[in-house]
Amino acid sequence: VYGVRVDFSSIWGSDVPPEGVALRYLDKGSIAAKALPDWKPETRLVILSVNRKRVDTPKDFYEACGKGPITLELREHGKRGGATKTITLE
């Protein structure tokens, strides 16, 4: 979806319960890659919601995306309560 590939956030392990889905890969040159130009796999971002709908599994993520523009809420993995970033992909 817009060049975003996700996985379960538990893949990284952590002392905190998993939340959201792991942003695992951005297709080169995709809309998402252009929206997150500084992203690297070691950044460990989680997608918390799609269009304000919470997503906890890859299936939730892909179902929430549907058709049309999507707004993603992201946060660095393991930083519950930390600042979030919102991007819109269209």
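Please read all numbers here as calculations on a predicted model, not as lab measurements. Computed over heavy atoms, backbone and side chain alike; hydrogens, waters and symmetry mates excluded.
- Connection of I11 to L26 is not established within any shared hydrophobic cluster, with ILVMFWY side chains joined at heavy-atom distances below 4.5 Å, either directly or through further cluster members.
- The distance from the CD1 atom of I47 to the CD1 atom of I87 is 7.5 Å, given to the nearest 0.5 Å.
- In the hydrophobic cluster analysis, where Ile, Leu, Val, Met, Phe, Trp and Tyr join through side-chain heavy atoms closer than 4.5 angstrom, I31 is grouped together with W39.
- Taking 4.5 Å as the limit, every side-chain heavy atom of K85 sits out of range of all side-chain heavy atoms of L45.
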Practice prompt. Before giving the answer on side chain to side chain contact (heavy atoms under 4.5 Å, CB included), spell out for V21 and D60 the whole-Å C-alpha distance, their side-chain angles and the decisive distance to 0.1 Å.
Written response: CA-CA 9 Å; V21 292; D60 293 344; 5.9 Å; no
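- Annotation: side chain of L89 is in contact with side chain of L72 (closest heavy-atom distance under 4.5 Å).
- You'll find the side chain of L36 reaches within 4.5 Å of the side chain of L23, heavy atoms only.
- With sequence neighbours excluded, the residues satisfying side-chain contact (heavy atoms from CB on, under 4.5 Å) with K53 are A64.
- The minimum heavy-atom distance linking K34 with G29 is given by the pair CE-O, 3.4 Å.
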Let me have the donor-acceptor pairs involving side chains of residues 1-9, under 3.5 Å, with sequence neighbours excluded, atom names and distances please.
unit_1, atom_1, unit_2, atom_2, d
Y2, OH, G68, O, 2.7
R5, NE, D27, OD1, 3.3
R5, NH2, D27, OD1, 3.0
S9, OG, E19, N, 3.4
S9, OG, E19, O, 3.0
S9, OG, G20, O, 3.3

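- A distance of 7.5 Å separates OG1 in T86 from CG in L74, rounded to the nearest 0.5 Å.
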